[in-house]
Amino acid sequence: MTDGTTGRYAGVRAAVLGTGLIGGSVLLRLADAGLDVAGWDPDPVTRERARERGLTAPETVEQAVAGRDVVFLCGPLPTLPRTLAQVAELTAPGCVLTDVGSTKAEVAEAADRLGFTDRFVPGHPMAGAESAGLTAASTTLLAGAAWVLCPAPGPATLAFRWLTGLLVEVFGARVVPMSAPEHDSVAALASHVPHLLAGALAGAVQRSPLRDAVLALAAGSFTDGTRVAGTPAERTANMLLGNRDRVLHELAEVRVLLDELAAALRAGDAPALTGGYAEARAARSALRDRRFVDLEQAFPADGDHAAEVAWLCGLGAAGGHLTDCRIDSGAVSYTAWRPAAD
C-alpha cells in the first residue's frame with residue numbers, strides 16, 4: 001500500500017545500505033511513498049525479512065546501487081568511510097550520496113579526502129528508539145523529523161538542494177543545514193551527553209543493592225531520564241567514540257553545573273538550588289514553547305554558492321530549519337523557519 005509521491009521525485013530510484021532501525025525506516029518510507037527503492041543489509045536474515053515485507057532486497061551491494069539516483073548509507077558509524085568509497089565507485093557521477101550517522105565530521109573528512117564532496121551530503125535524522133533492527137523500523141519513525149544536512153559550496157550545493165527537496169517531500173522533514181563540525185558540537189550536548197548521563201544513572205541503579213526496590217518506585221523522571229540507556233550498547237559506544245573530543249568537552253560543562261547544584265545542596269543553600277533549577281526550567285520551557293517566524297530567501301542558481309551556504313549554516317546555527325527548496329528561472333528559493341526573538 002503506497003500513498004504515492006508527486007513532483008520531480010516521483011521517478012527517483014533509491015537504495016538504502018544498512019536496514020536497521022533508521023535505515024529500515026528510510027527504506028520503508030521510500031517504498032511506501034511509491035519510489036523504486038532497494039535495500040541491502042550484510043545480514044542475510046535481515047535481507048530475507050525485507051523480502052517477506054514485500055521489499056526489494058538484492059544479495060549484493062553492487063545489485064542494490066546499480067542505476068540509482070540516490071543512495072542512503074545507513075550502516076554502523078565506523079563502516080561509513082569505507083562504504084562511501086565503495087558506493088562512489090559503483091555509482092554514476094550524478095548519483096547523490098548521503099548518510100544517517102550521528103556524527104558528521106569524520107565521514108565528511110573522508111569524503112573530502114576521497115574526492116566525493118561534489119555529490120556526498122552528510123546527513124543525520126534526529127529520531128530513534130531504544131529498539132533496533134528492521135523489525136523495529138516503521139514508515140512513521142522519521143516523519144517530520146529534524147534532519148541535519150551539511151551543505152558545501154560548489155557542486156555539492158546542487159546535491160544539497162536536490163536532497164533537501166526529497167526529504168521535505170517524502171519524509172516531511174525539517175531540514176536543518178549545518179556544517180559538519182557544528183553539528184557534532186550541537187549533537188554532543190543535544191544527544192550524546194544525554195546517553196552518558198542515562199547510562200550513568202541506570203548503571204548506578206543496576207549496581208545498587210536496592211535495585212529492585214528502586215525499580216518498583218521508578219516513575220516518569222527515572223523512565224524518561226534513562227530511556228536511551230536501552231539503546232544497543234555497541235551503537236552507543238560507536239556514537240560516543242565517533243565524537244569523543246566534543247562529548248568530553250560538553251560533559252565537562254555539564255559537570256560544572258552538576259557541581260554547582262551539589263555544592264548548593266551540601267551547603268543547604270535553598271536560593272542557589274532554586275536559582276539553578278529556574279535556569280534549567282527556562283531551557284525546558286523553551287523546548288516546549290518555541291515560536292518561529294517564516295522567511296523566504298533566494299540565491300542565484302549558478303556560481304560558487306558561498307553566500308548561499310553561509311546563509312544556510314547560519315540558519316541552522318540559529319535553530320532554524322528549511323521546509324521547501326525550489327529552483328526556478330535561474331534562482332533557488334528556500335522557505336525557512338527561524339526562532340522568534342524573545
Side-chain angles (χ1 to χ4, degrees), residues 21-22 25 74 77 80 98-108 121-130 141-151 167 171 173-202 221 223-232 235-258 261 276-277 279-292 312-323 336-340 342:
L21 175 67
I22 301 300
S25 295
C74 305
L77 275 173
L80 291 178
T98 188
D99 76 307
V100 299
S102 55
T103 64
K104 297 273 63 78
E106 184 178 3
V107 71
V121 184
H124 180 204
M126 300 300 295
E130 56 190 272
L141 179 67
L142 302 173
W147 198 311
V148 174
L149 290 181
C150 302
L167 297 181
F171 295 89
R174 294 173 288 121
V175 173
V176 181
M178 280 186 173
S179 70
E182 189 151 60
H183 164 274
D184 287 0
S185 294
V186 171
L189 199 52
S191 175
H192 304 166
V193 169
H195 276 78
L196 281 175
L197 299 178
L201 177 56
S221 57
T223 301
D224 293 345
T226 61
R227 180 184 65 81
V228 294
T231 302
R235 190 168 78 195
T236 300
N238 286 338
M239 176 185 70
L240 295 173
L241 290 170
N243 201 23
R244 179 173 56 187
D245 291 345
R246 293 174 181 86
V247 171
L248 290 173
H249 173 77
E250 297 302 340
L251 180 63
E253 297 298 311
V254 172
R255 289 179 67 178
V256 169
L257 272 294
L258 185 59
L261 291 172
Y277 275 96
E279 184 179 9
R281 188 172 185 272
R284 179 71 180 181
S285 297
L287 176 64
R288 289 196 315 265
D289 304 325
R290 297 176 82 206
R291 295 181 298 107
F292 291 85
L312 288 165
C313 289
L315 175 72
H321 61 271
L322 304 170
T323 57
W337 293 80
R338 188 183 182 103
D342 293 333

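FYI, side chains are in, hydrogens and waters are out, and symmetry mates aren't considered; it's all heavy atoms of this structure.
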To the nearest 0.5 Å, tell me how far H195 NE2 sits from L197 CG.
-> 11.0 Å
Would you check if the side chain of S25 reaches a backbone N or O of L21 as a donor-acceptor pair within less than 3.5 Å?
-> yes
What is the minimum heavy-atom distance between V176 and A146, and which atoms define it?
-> CG2-CB, 4.1 Å
Which heavy atom in M178 sits nearest to a heavy atom in G316, and how many Å separate them?
-> CE-O, 3.6 Å
Compare all side-chain heavy atoms of V100 with those of H124 and state whether any distance is below 4.5 angstrom.
-> no
Side-chain contact, heavy-atom cut-off 4.5 Å: L312 with P151?
-> yes
Looking only at heavy atoms, what is the nearest atom pair of A188 and P194, with distance?
-> O-CD, 4.1 Å
With distance as the sole test, does S179 use its side chain to make a donor-acceptor pair with the main-chain N or O of E182 at under 3.5 Å?
-> yes
Is a side-chain donor or acceptor of D99 paired with a backbone partner of G123 at a separation under 3.5 angstrom?
-> yes
W147 side chain reached by L142 side chain, heavy atoms, under 4.5 Å = yes
Would you say the side chain of L240 lies within less than 4.5 Å of the side chain of H192, judging by non-hydrogen atoms?
-> yes
With no hydrogens and no angle check, is any side-chain donor or acceptor of D184 less than 3.5 Å from a backbone partner on T103?
-> no
Between CG of L287 and CZ of R284, what distance do you get to the nearest 0.5 Å?
-> 6.0 Å
Value for CD1 (I22) from CZ (R235), rounded to nearest 0.5 Å, stands at 7.0 Å
Pick out which of L248, N243, L251 makes a side chain to side chain contact (heavy atoms under 4.5 Å, CB included) with V193.
-> L251
Evaluate whether atom CD of E253 has more than 12 neighbouring non-hydrogen atoms of other residues, nucleotides or ligands under 6.0 angstrom away.
-> yes
Shortest non-hydrogen contact from R338 toward A318 | NH2-CB, 3.5 Å
Determine yes or no for a side-chain-to-main-chain donor-acceptor pair under 3.5 angstrom, with R174 supplying the side chain and G144 the backbone.
-> yes
Counting N and O atoms only, with roles assigned by atom type, does the side chain of R290 sit under 3.5 Å from a partner on the main chain of G319, one being a donor and the other an acceptor?
-> yes
OG1-CG distance between T98 and L149, expressed to the nearest 0.5 angstrom | 6.0 Å
On a heavy-atom basis, the closest approach of A229 and A198 is CB-O, 3.8 Å
Y277 atom OH: more than 12 heavy-atom contacts under 6.0 Å | no
Validation row: L322, L315 side chains within 4.5 angstrom (heavy atoms) | yes
Taking C-beta and beyond as the side chain, do L241 and M239 meet within less than 4.5 Å on heavy atoms?
-> no
Can any side-chain N or O of N238 pair as donor or acceptor with the backbone N or O of L77 at less than 3.5 Å?
-> no
Non-hydrogen side-chain atoms of P122 and H183 separated by less than 4.5 Å = no
Rounding to 0.5 Å, atoms CG (L257) and CG (L261) come to a distance of 6.5 Å
